[in-house]
> 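So that we are looking at the same thing, I have put the structure below in structure tokens.
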Amino acid sequence: MSQIFSRRSGTWVKLTLLGALGFGAGLVAIGRLLTDEPHDQDEAVEQPVPFSHKHHVGDIGLDCRYCHSGVETRAVAELPPVSTCMTCHSQLFTDQAMFAPLVRSWQTGTALHWQRVHALPQFVYFDHSIHIAKGVGCVTCHGRMDQMPLTYRKASLSMAWCLDCHRSPEKNLRPRDQVYSMTWKPEGDDDALGHELLIQYGIDKRRLSDCSVCHR
Amino acid sequence: MTRIYGYMAQFDRPESLLQAARALRNLGYTRLEAHTPYPVEGLAEVLGIPPSRIPRVMFAGGLLAALGTLAIQYYSAVFNYPINVGGRPDASWPAFIPAALEMALLGASLCGVVAMLRGSGLPRLHHPVFDIEGFDRATRDAHFLVVLSDDPRCDEDSIVTELRALNPLRVGRVPA
Amino acid sequence: MRELAGDTSADRREFLKLLGASFALAGASGCSGPPAQEIVPWIRRPPGVAGSDPQFYASTLRCGGDVLGVRVETHEGRPTKIEGNPLHPASLGATNPMAQAAVLDLWDPGRSQGILRKGAAASWDDFLAEVNGIPADAGGLHVLSGRVDSPTLAAQRQRLLGRYPGSHWYEYESIDNTNSLEGARLAFGAPLGVRYRMDRADVIVSLEADFLGSMPGHVRYARDFAASRQPEAAGRVERRLYVLEATPSLTGVKADHRWAMASSDIGRFAQRLANNETPLIRELQAKRGRSLILVGPTQPPFVHALAHVLNERLGNAGQTVEYFEWPEGGSESLQTLVTNIEAGQVKTLLILDGNPVYTAPADLRFGERLGKVPVTIHLGLYRDETARVSTWHLPAAHALETWSDVRGYDGSASIVQPVIAPLYGGHSAHEVIAALLGPDEPNGLDLLERTWPNLSDQALRRGFIEGSAPAAREVRVNLSSIAVPEKAEGLELLFRPDATVWDGRHATNAWLQELPKPITQLTWGNAVIVSPDLAAQHKLRNGDHVHIMSGSNQIEAPIWIVPGQARSSVTVTLGYGRSVEGTQAMGQGFNANRLRMSTERWVTRSVRLTPTGNHSELASTQQHHVMEDVRTPQKLHRSFYAEHPKGEYRWGMAIDLNSCIGCNACTIACQAENNIPVVGADQVLHGREMHWLRVDQYWEGTRVRHQPVACQHCDHAPCELVCPVGATVHDSEGLNLQVYNRCIGTRFCSNNCPYKVRRFNFLQYSDLKTESLEAQRNPEVTVRNRGVMEKCTYCIQRIEKAHITADREGRRIQDGEVVTACQEVCPTRAIVFGDTSDPDSTVSRAKKSERNYALLEDLNTRPQTTYLKEVPNPNPLMKDDV
Amino acid sequence: MSAADIVGSLALERRMGRGWAIAFAVAVALTVLLGVGIIVLLDRGVGIWGIDVPVAWAFAIADYVWWIAMGMAGTFISAALYLTRQGWRTALNRYAEAMTVFAVSVSGLFPILHLGRPWFFYWLAPYPNRMALWPQWRSSLLWDFFAISAYLLVSILYFYLGLLPDLAALRDRATTRGTQLFYGLLALGWRAEARQWDRFQTLSAMLAGLAVPLVFSVHSMVALDFSEGLLPGWHSTIFPPFFVAGALFSGFAMALVLAIALRSYFGLGSVITGRHLDNLAKVLLATGLFVAYSYVCEVFFAFYSSDQHEIRLTLNRFQGSYAWTYWVTAFCNVGSIQLLWFPRMRANVVVLLTVSILVVFGMWMERFMLIVTSLYRDFLPSSWGMFYPTRWDFVFLFGSIGLFFALFLLFLRYLPMVSMFELRKSSHSEHRRP
């Protein structure tokens, strides 16, 4: 009887199996891609007007609440009406090309369609006002907006990410007057202050990881 | 001159193969291998094949799987994300057993199979013995005894005659 | 109570331009990843519109023959939910099923969306041209409307009759109170309105008067009735309710004594009562001034007259019953219109928001007579039966899209305020009349201010005009002899309004179609209601078809057997057998109007009933209506498990079965609040209805025990234990959660739920395609898709809202700050909800009652929802049959 | 030519004949039907079945339990008989193991397809995910998920391991290059070495030792899928042994059906002898009696517990809307097997075939009865309802049968249906006897 398989056949078999494995992994990756968010983390989002937080917050030093007026009282921080932009831009840079959509919108009364940067699925209910009230800074989730020429998403917004803070909020609590600060850093041992604030704000940690807090 | 894997002798019945093997062992041969269509009682002892470690491996595998499963359950349900389910305690030991049991059985079996393949040098698609003329009958009615060439006692000139002395059907050399 | 913002509809109309984009992409689902979402901010934010927060507007709705003051919740300008207006005398914060469903009518894509002339599209200007062509003096202009209960419309009527000499205005309601007015005319010589004071009545004798279910004012009456019968109430007197009726009504099945009696025999009973020939009279006399005899609109005038006599004799007049002038009278009847049409006088007929072709009695043959009118103009929400035979059809504006006013059961006037600009370019009756009256006739708010010169912003916010109710009138009965008809043999056929679709005007509403009708628990259709005896006599099972012959007319229809139905009475409900293309009404049930005579609109004597041998399954949500032999020991076993750490609050509910009247308002309120989809008749037949809250009913003799059952939020929840992915778990405040996005749909939880309150999306039930329905949904509640389990959440979105507000302000949630949808809608306040860890909360106090018990307590599930036992108060001297 | 060679050539020459072709065609047709069913199911949802509230489980779960039960017997036969050194095992274990593997694979489809959102079935597995969530370990469904996965893998390994020497044998007898490669790869280069034989036998013994408890535990898990619930008729401690007995019962019945079919169609009378059938029949009777005993226990416990709900349910099973399922079950599973007391009946192939087919059918009916009668009337009369199957329910039942036989027929065609080396061994040892 002669050999059915050459000496090297073993290697071939191993390679084939490896290939199959790779193929499977590839399929999974594709599936993952299909169910991914429209905009990636850290990827600047195309907008009708190239609005720069860096300029408005960093350079001019506008307060977040000047535009996002809902943030302290409502679930959504809200985008300002065009009229708010017009308080300055009825005079400033109106001739520049990149402002054309804004001016057109103001004149014709047709709405601007901004792309949502922080999109949550419909079964997740996030409320800005409570986070602000309990001393969670803007930076904590949105990152250094004062350094963002074009706005992008700093956080993954995955459930694991939310839970990370909901399980130990003390890491991210700050005094109420520092909530909107882009640069505030707790001096010394941060957890100490965190625990202090936890009590001061009366945060009930027991329910922070309940499903009902975010899902209805 | 081509390298040699060993020298084979073919027998018609397992009994005669068994006798031949015993004889060779008495002659001081240590590196013997036999190929038979079905297991032959006592052959392993005669050829001096060390007893298998499979049972120990399986026990270890089973134990590991069981403990691992219990650990995952306990960690996830008590430390990582304790959730009130129907008012039951976080560490519901009785409820953790079934999964652990099943995983133990699975773990043991998987380890066993791996150990068996490793222990019997499988998978190996290409092997010198396949070059033996008429080896295909080894899975039907032929019984082969092979003296490996790396046997210290094995000697190019004497081995063939010694094999002949065991009156096999055939004697031949197996190139590596 | 949250403030009612009052502002004009102009700003909201402005806003509507943006509506489309803002939710164009909502509701996308499946595994293909979320789509890019857009944010569409304002150009200028209109005054009074507070961004994302819901806003509430006071308005008024006509529904189910009643007039209810409501509070409309809007999200970003979209009306999503209707609650009762606590300030309004007729609702006191409660509502009924029709009011709850009104918001779905508003968004119904099946609504008529364009003006039609002879079926072809036309414009409002075309219409104006048409009406300007009407000669002012020829007297050919005739208007047919529903009951004129709007002072403004009445005023416009006067102006119209003035502007067009010789023109006529007719009124027709399929379900009206003509009998009651005629009864008053018999007794007092004047057609007076009647209103009752349930809170003052200790002994009530109802002669077929369904004051808890269908009579005008029933929401208010139910509240007073229940409140007065609270067993725990301080200084409580024994209250008792006697009901005589042919077919079980909500009032009847709640009575302490209910006597099933042929409708046409009740008159003679009233006479015997008047002649002191029944033992009942003694109890009434004992309660002089605190008793009440009331008669349903389905009884002939003389019975009403007899009741007036009795009430006066018992000193109830002015105490438990009041009489008042109805200001908006003065229209002519449908019969007159028909004679005028026959006489060829009617050149132009304007039909305001009615559907006479369908609702008119068969003998008037209104449909074909309409053909004799050269120009007919129909104003309506749908292209209904009348619209299709009219020359002109104008889409009507929904009540939530119009300015108007309306008088309630007690004669008080309330404001109808628009909360959104007309979605489909509809016009209100006022606007149409204004068009006829010419350019100087005002519209909208101006028109109202013409009727109510000093209409304050306050009144708008309050939603009604204080002191507008006509004062009670001192009246004396002067009654000559009354002719009481002889006892008739054979079967009588009764016509009744349908519990959910009324006279058919709500038949296009999917929520109401799928809402189980009390007593029968039927959905998506009507049936011929017969007594068990009659069924046995003809060997009929539920769903078997019968022919009903009345004179020359005959219909075939399925039967439904109802205990407590009078043996010689057969009942059909109106409102079905509609044919309105593209709506839910299509092909459901049979049209009972085909047997209805203008002379006998409530009862037809000596009808014949013959089985046809056909059968069809009727979609009822409850198959078994008796408790069988299920008697389980009510004992609680000790738990093996340590208590889990408790949160700051502990939510719980108590349902008082003594107050519950089984009106099903809670079921539909829950549906509206929680985006619960409708599944359709065939799915209901499969037992797949989605209502989170169902009202079980069990027959006891001729009475029904109601029991609203939703998720009991068990501490030791059997459902949670068996879920392999932890999609249903407990939170630290004692809620049994259902996490839709984690659910994979094993359905073990449903199997293991002893209360069977879990509902599963067997198919894709939520309509994600229709944009307008998307707009109606509550943005605070996740829309569930195919393959996931759902159930009552104690309105967790409302709990969370309160939580966030309170936490933000660093305080505890007040008792009564969280109100569940079912609790808010309940006319009798049977449902209380709150924090059971606070011993002083309303719910804790309710649970302290010795009537308190948990459903299936012996299963040791430890529910957070408990029930307060019903304690009827039967007269020891009475038996249940006359 | 030895019996082993006959078996071998059956696999190699593949002259299966017209009967096989027809059977295979039918099986494939049914499999395609199943495929269509699955597509429609994924497109429209489980609502295409007759399930509702209260009866949220019905056909699919009955099918699942039925199949997994049949998957118990194969491993049990070869393992238990191996441990007890039953010589007659040789003729049965190979095709019985194949039956196991295919039955379990088919049964595995149902729990997944039965989900409202099948594409998320993997959430039952503990793995690191961006939701930071874990399975809920207290649910018997989860235990079952682990049980099925473990059992499927182990039974495949067990089956494949036993095949190794025969695959090598086929490799060595193969004439065409293609078959050589096919069997050669599968044989992993088996050389029939003494060392290999030694390891092979040790592992076989060990696996056999594990397989028996595995079989018992796996079907106990299946039983717990029901008895963890608090429904009357489900919430019962005797379910695990009861289910195991039922599993072996239906398994042996199926094994008997197949044995008779193979024997008569392939003329393997010399291999699968009357003695084998007789032994199988005895085991069938024994397990059947155990099942009958559990039926009695159920009724007894119901009344002994004096639990209102249990008693009402039991009476309802006797007289209720689904009483007929109960009595059909009783007739098939208890009545029919009484014939097997008589040697003459056990010797009669037609009787054996009829009885075992009745049992296979009866065991499906039993699962349906257990599931539906407990669900359609539970605690509150207001929520009682009925279950009516739709055509899709039957599509999945018969489709799965088709899939099973398609796989089994392929096995017959490409693999030795009886263990060749064991045949050789036993024939050799028989020669030795005087």
Side-chain angles (χ1 to χ4, degrees), chain C residues 31 621-633 683 686-689 694 696-698 707 709 718 720-727 729 742-765 785-789 855-856 858-861, chain D residues 44-57 61 111 114-124 131 133-145 225-226 228-231 234-235 307-309 312 371 374-388 390:
Chain C
C31 55
T621 59
Q622 189 178 343
Q623 267 73 30
H624 298 262
H625 298 270
V626 279
M627 250 303 173
E628 306 272 327
D629 61 346
V630 186
R631 288 181 311 280
T632 55
Q683 292 295 304
H686 269 89
R688 295 175 178 178
E689 65 273 8
R694 64 171 195 267
D696 290 347
Q697 58 179 30
Y698 300 103
Q707 183 160 47
V709 182
E720 294 177 1
L721 187 65
V722 297
C723 177
V725 291
V729 295
R742 179 65 174 171
C743 178
I744 59 174
T746 69
R747 305 190 291 292
F748 200 172
C749 53
S750 170
N751 290 346
N752 211 30
C753 173
Y755 312 98
K756 286 287 172 287
V757 291
R758 294 179 151 265
R759 297 285 175 254
F760 186 69
N761 292 272
F762 287 94
L763 302 167
Q764 180 60 46
Y765 291 136
N785 287 332
R786 183 240 293 186
V788 304
M789 191 64 70
L855 197 54
L856 296 173
D858 59 310
L859 293 179
N860 215 30
T861 51
Chain D
R44 285 167 54 197
V46 288
I48 63 172
W49 291 332
I51 46 178
D52 54 37
V53 175
V55 188
W57 288 358
I61 296 295
H114 181 263
L115 295 175
R117 303 200 290 172
W119 46 91
F120 285 137
F121 80 95
Y122 61 87
W123 282 357
L124 272 76
M131 299 170 291
L133 286 174
W134 298 92
Q136 202 281 96
W137 303 102
R138 300 165 192 80
S139 165
S140 55
L141 293 184
L142 190 84
W143 308 340
D144 201 22
F145 172 72
D225 287 347
F226 303 96
E228 191 183 36
L230 49 58
L231 287 174
W234 282 12
H235 190 64
D307 176 321
Q308 293 277 350
H309 301 299
R312 193 162 42 79
I371 294 168
S374 290
L375 285 173
Y376 90 114
R377 288 190 164 202
D378 61 347
F379 298 95
L380 295 178
S382 63
S383 53
W384 291 351
M386 293 290 288
F387 167 78
Y388 303 104
T390 66

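If you're wondering where the values come from, they're calculated on a predicted model, not measured in any experiment. In the text below, chain A, chain B and the rest are named by the order of the sequence lines, each starting its count at 1.
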> I'd like to know which of Val725(C), Asp696(C), Leu721(C) tops the heavy-atom pair count under 4.5 Å against chain D.
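The candidate making the most pairs under 4.5 Å is Leu721(C).
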> Give, as side chain, backbone, both or neither, the part of Asp225(D) having an atom under 4.5 angstrom from any heavy atom of chain C.
backbone
> Chain C: which of Leu142(D), Val46(D), Leu124(D), Ile48(D) shares the most heavy-atom pairs with it under 4.5 Å?
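Of the candidates given, the most pairs with chain C belong to Val46(D).
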> What part of Ile51(D) gets closer than 4.5 Å to chain C, counting heavy atoms only: side chain, backbone, both or neither?
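For Ile51(D), heavy atoms of backbone and side chain both lie under 4.5 Å from chain C.
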> Quick one: which of Arg44(D), Arg138(D), Met131(D) has the most heavy-atom pairs under 4.5 Å with chain C, could you say?
Arg44(D)
> Among the options Ser374(D), Pro118(D), Pro54(D), pick out the one with the most heavy-atom pairs lying under 4.5 Å from chain C.
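The option with the most such pairs is Pro54(D).
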> Between Glu720(C) and chain D, with a heavy-atom cut-off of 4.5 Å, which part of the residue counts as in contact: side chain, backbone, both or neither?
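Only the backbone of Glu720(C) comes within 4.5 Å of chain D.
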> At a heavy-atom separation under 4.5 Å, does Met386(D) approach chain C through its side chain, its backbone, both, or neither?
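No part of Met386(D) comes within 4.5 Å of chain C.
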> Mind checking what makes ring pair (Phe, Tyr, Trp, His ring centres under 6.0 Å) contact with Trp234(D), not counting sequence neighbours?
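With sequence neighbours excluded, Trp234(D) shows a ring pair (Phe, Tyr, Trp, His ring centres under 6.0 Å) to Trp57(D), Phe226(D), given in chain and number order.
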> With only heavy atoms counted, which part of Ser750(C) is less than 4.5 Å from chain D, the side chain, the backbone, both or neither?
side chain
> Side chains of His686(C) and Phe762(C), heavy atoms from C-beta outward: is any pair under 4.5 Å?
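Of all side-chain heavy-atom pairs linking Phe762(C) with His686(C), none is under 4.5 Å.
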> Under a 4.5 Å cutoff for heavy-atom pairs, which residue among Val722(C), Thr621(C), Val709(C), Val788(C) has the most contacts with chain D?
Val722(C)
> Would Ser382(D) and Tyr698(C) count as a side chain to side chain donor-acceptor pair (under 3.5 Å) here? Give the steps.
CA-CA 8 Å; Ser382(D) 63; Tyr698(C) 300 103; 3.2 Å; yes
> So Gln683(C) and Leu763(C), side-chain contact (heavy atoms from CB on, under 4.5 Å) or not? Walk me through it.
CA-CA 10 Å; Gln683(C) 292 295 304; Leu763(C) 302 167; 3.8 Å; yes
> Is a donor on one side and an acceptor on the other found under 3.5 Å between the side chain of Asp52(D) and the backbone of Val55(D)?
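Pair found, side chain donor or acceptor close to backbone of Val55(D).
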> Are any of the side-chain heavy atoms of Ser383(D) and Arg694(C) separated by less than 4.5 Å?
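Sidechains of Arg694(C) and Ser383(D): in contact.
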> Just by distance, do the side chain of Arg747(C) and the backbone of His114(D) share a donor-acceptor pair under 3.5 Å?
yes
